[in-house]
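See structure below.
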Amino acid sequence: MIICVLYIYQDGLPTFPDEDAFECIERELGLSIDSIFSSISSSPIAAASLGQVYKAKLKKSGKVVAVKVQRPGIEEAIGLDFYLIRGLGILINKYVDRFTTDAVALIDEFACRVFQELNYVQEGQNARRFKKLYADKEDILVPDVFWDYTSAKVLTIEWVDGIKLNEQEAIERQGLNVLDLVNAGIQCSLRQLLEYGYFHADPHPGNLLATPEGKLAFLDFGMMSETPEEARFAIIGHVVHLVNRDYEAMAQDYYALDFLSRDVDVSPIVPALRNFFDDALNYTVSELNFRTIVDGLGNVLYEYPFNVPAYYALILRSLTVLEGLALYADPNFKVLAASYPYFAKRLLTDPNPYLRDALIELLFKDGKFRWNRLENLLVQGRKDRDFSAKEALQPVLKVLLSPDGEVLRNLVIKEAIRVTEAFTLGTISETYRYVPDFLRSLVFNGNAKEPLMMSETEMQSMVELRDQVIRIWRNLQSSNDFDPSILLPILQVLQQPEARRLGGRVVGGVTQRLGARLLMQLLGASTTAS
């Protein structure tokens, strides 16, 4: 259940008298209109239930600004609205068994957010914090607040020229691409939800503008929310578990997401997740529609004692609005596919222990390293402009050589032996092609056809592994910030005693494997001769 309270700024909504608005400005700021502005629009350019907005020019600086003025008596009206809605929530909690979420808590959360919107000083502080966190990207614009002309009921901010994000034809006439702007919004939203946890909870088209310079401008910072730190990492881990179809781990994630109390047994939920996602994942994860996942999970949530936190309801609302804008521009657009590079970058570079474990879980299965997963992560991660090859290399080594890394070290040793063998035997096999026929019999014990006693399938597998490792290395080399000097910290790490022991075990394993193959080669040749 997601309650959408439409206290938003749009064109065409009823306005209150301009005289009341101007009186409010003068009363709140303690100055006359003429002393503040050299000009101000005679009527509002946008209006909503909470207030209305005028376009003006500051007398002192000449800056063009938007002046947001609160509607008189709105606190009492909203208070009554939520009092009635809350009474409905009490009835839902008491009599609707199928609805497992605490309706009253959900309503209270929205009420809290809406009442925060009534304090324009708080909204200004929200805008300042949002700008500090997210406007460092060249494609994001957040307007400045003019604090000298801001109070609890009047907010003066920088004027932004732009076109609403749902006006596709008008945007394209400016020579801009709607999907580029939507993708900028998605990447910014991922940072909001999963990096800093502070997010814009009301990103409807009226609050998202395409500027003439091609930037995405965020407006109206009255309704903000935060994702708890534990939940941020759990969401990323949840995506990893979804990719791996690890439904047991997905069910466990609901504890960290605060969907379930720790005393609830999640084992009955696993078959429900399997039934839904096995069907949904007939397509690749990147082809899934976000709304499809939300609707399918909604059916699962209703069957079990889930309590969806209010912050999660706001996240869903935020992401579904962005996906709706994307699908309006391109019916084939997939939000999850556009989100992949960010998730890949975070998994490869974030030193957080939870994400490191998630990466290890993704790369290793049944004691084997999945090079195709690593290659895919690197290919996707490099699409994110913040990807750093340096950051991707070092955290993994730290985990590998940590005191608690014995299990991982054993897995890596096996894989290092396998890769070294692949490089050695693959090189021997390819070199053999250039050896003259008369030398092959002499060098390779009379075997003129093949240098090694291996099946064609096994040799092909070795060559493919070697080539895949080479591609991965080239992916790292071609990253923007790649520099051989980034390997120096790795060399320092390799001087540690544990790293030396690790290297010795790898060399020993490789020697054993190659020795065994040589013995088989000799025995095979002897058998052939006899």
Intermediate values then yes/no, side-chain contact (heavy atoms from CB on, under 4.5 Å), L209 and L216: CA-CA 6 Å; L209 300 182; L216 178 66; over 6 Å; no
Exercise: identify the closest heavy-atom pair between A127 and F221: CB-CD1, 3.5 Å
CD/E172: more than 12 non-hydrogen atoms of other groups inside 6.0 Å: yes
Contact summary for A329 and L179, nearest pair of heavy atoms: CB-CD2, 3.9 Å
From CD (Q187) to NZ (K383), nearest 0.5 Å: 11.0 Å
F130-F199 aromatic ring centre distance below 6.0 Å: no
From I107 atom CD1 to C112 atom SG, the distance as rounded to the nearest 0.5 Å: 14.0 Å
Exceeds 12 heavy-atom contacts within 6.0 angstrom, atom OH of Y328: no
Smallest separation among heavy atoms of G237 and Y354, with atom names: CA-CE2, 3.9 Å
Cationic N near anionic O, under 4.0 Å, D139 to R385: yes
Lys/Arg-Asp/Glu bridge criterion (N-O < 4.0 Å) met for R191, D384: no
Side chain R232, main chain T227, donor-acceptor under 3.5 Å: yes
N/O donor-acceptor pair under 3.5 Å between N93 side chain and A103 backbone: yes
Flag side-chain contact, heavy atom, 4.5 Å: E109 against S225: yes
Donor-acceptor under 3.5 Å (K131 side chain, V142 main chain): yes
Donor-acceptor contact present, side-chain E26 to main-chain I33, <3.5 Å: yes
Cationic N near anionic O, under 4.0 Å, E226 to R129: yes
Shortest non-hydrogen contact between L273 and A251, atoms and distance: CD1-N, 4.0 Å
Within-4.5 Å side-chain heavy-atom neighbours: L165 and V182: yes
Minimum side-chain heavy-atom gap V69-C24 below 4.5 Å: yes
Over 12 non-hydrogen atoms of neighbours within 6.0 angstrom of NZ in K137: yes
Over 12 foreign heavy atoms within 6.0 Å of CD, E75: yes
Distance (rounded to the nearest 0.5 Å) between E375 CD and N372 CG: 8.0 Å
Check: H241/D253 side-chain N/O donor and acceptor closer than 3.5 Å: yes
Parallel, tilted or perpendicular: rings of Y134 and Y196 (30°, 60°): perpendicular
Parallel, tilted or perpendicular: rings of F277 and Y247 (30°, 60°): parallel
Side-chain heavy-atom pair F146, E158 within 4.5 angstrom cut-off: yes
Heavy-atom donor-acceptor pair, S35 side chain to L31 backbone, under 3.5 Å: no
Whether F22 and Y54 hold their rings parallel, tilted or perpendicular, with breakpoints at 30° and 60°: tilted
Side-chain donor-acceptor pair present, E195, Y342, cut-off under 3.5 Å: yes
Heavy-atom check, side chain of F37 versus side chain of V65, under 4.5 Å: yes
Side-chain touch F110/I85, heavy atoms, less than 4.5 angstrom: no
CA sep, side-chain torsions, deciding dist, call: T211, D161, side-chain contact (heavy atoms from CB on, under 4.5 Å): CA-CA 6 Å; T211 71; D161 284 314; over 6 Å; no
Backbone of K55 reached by a side-chain donor or acceptor of S41 within 3.5 Å: yes
Spatial distance of atom CG (D34) from atom OG (S39) [nearest 0.5 Å]: 11.0 Å
Verdict with reasoning, L50 to I78, per side-chain contact (heavy atoms from CB on, under 4.5 Å): CA-CA 9 Å; L50 296 185; I78 292 178; 3.1 Å; yes
With E28, the side-chain contact (heavy atoms from CB on, under 4.5 Å) member among Q70, E23, K153: K153
Separation of E123 CD from Y120 OH (nearest 0.5 Å): 7.0 Å
Any side-chain heavy-atom pair of L190 and F343 under 4.5 Å: yes
Stepwise side-chain contact (heavy atoms from CB on, under 4.5 Å) check, L319 with L193: CA-CA 10 Å; L319 290 178; L193 300 172; 3.9 Å; yes
Backbone N/O of H200 and side chain of Q192: donor-acceptor pair under 3.5 Å: yes
Any donor-acceptor pair under 3.5 Å from T156 side chain to Y149 backbone: yes
Taking every non-hydrogen atom, the tightest pair across Q174 and I163: CG-CD1, 3.5 Å
Shortest non-hydrogen separation from I186 to S339 and the atoms involved: CG2-OG, 3.9 Å
Any donor-acceptor pair under 3.5 Å from H238 side chain to A249 backbone: no
Salt-bridge criterion met for D220 and K68 (N-O under 4.0 Å): yes
Sidechain N-carboxylate O distance under 4.0 Å for D144, K63: no
R346 (side chain) donor-acceptor with L194 (main chain) under 3.5 angstrom: yes
Any donor-acceptor N or O pair under 3.5 Å, side chains Q122, N126: yes
Separation of H204 NE2 from L322 CG (nearest 0.5 Å): 12.0 Å
Pairwise side-chain contact, L362 with L377, heavy-atom cut-off 4.5 Å (strictly under): yes
